[in-house]
Amino acid sequence: MEPISFARGIPAPECLPVEELADCARAVIERDGRTVLSYGSAGGYAPLREWIAERHGVEPARILLTNGSLQGFVFLAQHFAGAKVLVERPTYDRPLKILRGLGVDVVALPMDEEGLDPDALDRELRSGPSPAFLYTIPTFQNPTGRTLSLDRRRRVVELAHDHDLLVLEDDPYGLVRFEGESQPTLFELAGGDHVVYSSSFSKTVAPGVRVGYFVLPNELERELEALAVSTYITPALIGQATVHEFLRRGSFEPNLERVRNLLRIRRDAMLDALERDLGDEAKWNRPEGGYFLWLELPDETDTRELLGRAEAAGVTFVPGADFGGAPASARLAYSFVAPEEVGEGVRRLAALVEQPVAA
Ligand SMILES: Cc1ncc(COP(=O)(O)O)c(C=O)c1O
């Protein structure tokens, strides 16, 4: 039986603009090969830095391009190694592992359907020692798909200002909204003050180009750039130049529209299937963009145990506990699976949920 993966938080193959990127890569090598095939500045390919800087209304020197945004996260975490960092519970598991590996004291703050709980953040900032930063994914969060409400965005920004707290806003999914109104980013609401913004072309163009970026205060940019130089000498300019060519040609917006449609169809297929097969047993949210939704099964369920049976039955997901979530929760990615397979995947899963463990 072909396994159906709701575990893979990656784009479906048809989301990738393969032909267009092939054309962009050829064009940049032909036009600017002596630059993009050589070593370059650790800050990244200058025309792309300029494009991103303009989009965010900052000087190009404040943009650090990295080999994917997770690489930038590693640099930031290294910079604050050994400190205390606040995160959401649940949150993306890779940053958690990176932080713990660097001896960071990770303090997880509760969240609900509206995102991070600002009261909990306030209490933590008043009581504990000062954290180096708060790591948050306010829009279509990985793993829950939740989005921080506008009121809460304002509160978080106010708290950052009042407590001199640095906020890292990780926003790879904001542009893949396929429904509803866009929310201002924390970076925008704060006028750039106290907020470091990171994003990536992994979800809007392709993860294989490995182009992520950070918008930083000048001094932090220089410090993280120094960490980049000592790690990989030069970023992969060819990927950055290819993305820049993609943007320059005006291919970005039409591609985004295409990707949003592909994701919406998948999300709808998953919502329909959940309603049909798990409507009485489980709860889930209805994300308006991004890759994931959050499934909450009856309290007595242990999704790590369920996963073992699910794999044998040909369907996979990631247990919520892997992200610091409750044992009965799970992350379902709708981004990867073909729409016509989503229903079968949910059917396989639902059959196991309804079956007592002992059976
Ligand atoms: C919230 C979040 N941040 C960062 C990343 C890493 O993205 P990149 O491919 O740019 O390293 C991901 C990837 O899934 C993600 O979900």
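Order of appearance sets the numbers: ligands from 1, and atoms from 1 within every ligand. These numbers were taken from a predicted model, which means no experiment stands behind them.
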Under-4.0 Å heavy-atom contact with ligand 1, by part of P207 that carries it: neither
Between R348 (side chain only) and G314 (backbone N and O only), is there a donor and an acceptor less than 3.5 Å apart? yes
Hey, what's the ring geometry for F187 with H56, parallel, tilted or perpendicular (30° and 60° as the breaks)? perpendicular
Establish, from distance only, whether the side-chain atoms of Y135 and D170 form a donor-acceptor pair under 3.5 Å. yes
Aromatic plane relationship, W294 with F323 - under 30° parallel, 30 to 60° tilted, over 60° perpendicular: perpendicular
Between D117 and R152, is the closest basic N to carboxylate O distance under 4.0 Å? no
Where on F201 is there a heavy atom closer than 4.0 Å to ligand 1, on the side chain, on the backbone, on both, or on neither? neither
Tell me: protein heavy atom nearest atom 3 (N) of ligand 1, and distance? D170 OD2, 2.6 Å
For atom 7 (O) of ligand 1, what's the nearest protein heavy atom and its distance? S69 OG, 3.4 Å
Tell me whether L70 has any N or O atom under 3.5 angstrom from an N or O of ligand 1. yes
among protein heavy atoms, the one nearest atom 9 (O) of ligand 1 is S202 OG, 2.6 Å
Test: R267 cationic atom under 6.0 Å from Y334 six-membered ring centre, within 45° of axis: no
Basic-acidic side-chain contact under 4.0 Å: E14, R258: no
Do any heavy atoms of P172 fall under 4.0 Å from ligand 1? yes
Does ligand 1 have an atom that lies less than 4.0 angstrom from a heavy atom of Q71? no
What residue and atom, counting heavy atoms only, is the protein's closest point to atom 13 (C) of ligand 1, and at what distance? K203 NZ, 2.9 Å
Whether R210 lies under 4.0 Å from ligand 1, heavy atom: yes
Short N/O distance, under 3.5 Å, between N142 and ligand 1? yes
Under 30°, 30 to 60°, or over 60°: which ring-plane class applies to H161 and H194, parallel, tilted or perpendicular? perpendicular
Would you say G212 contacts ligand 1, with heavy atoms under 4.0 Å as the rule? no
Residues V342 and F6: closest non-hydrogen pair is O-CZ, 3.6 Å
Among protein heavy atoms, which sits nearest to atom 15 (C) of ligand 1, and what does the distance come to when rounded to 0.1 Å? Y92 CE2, 3.4 Å
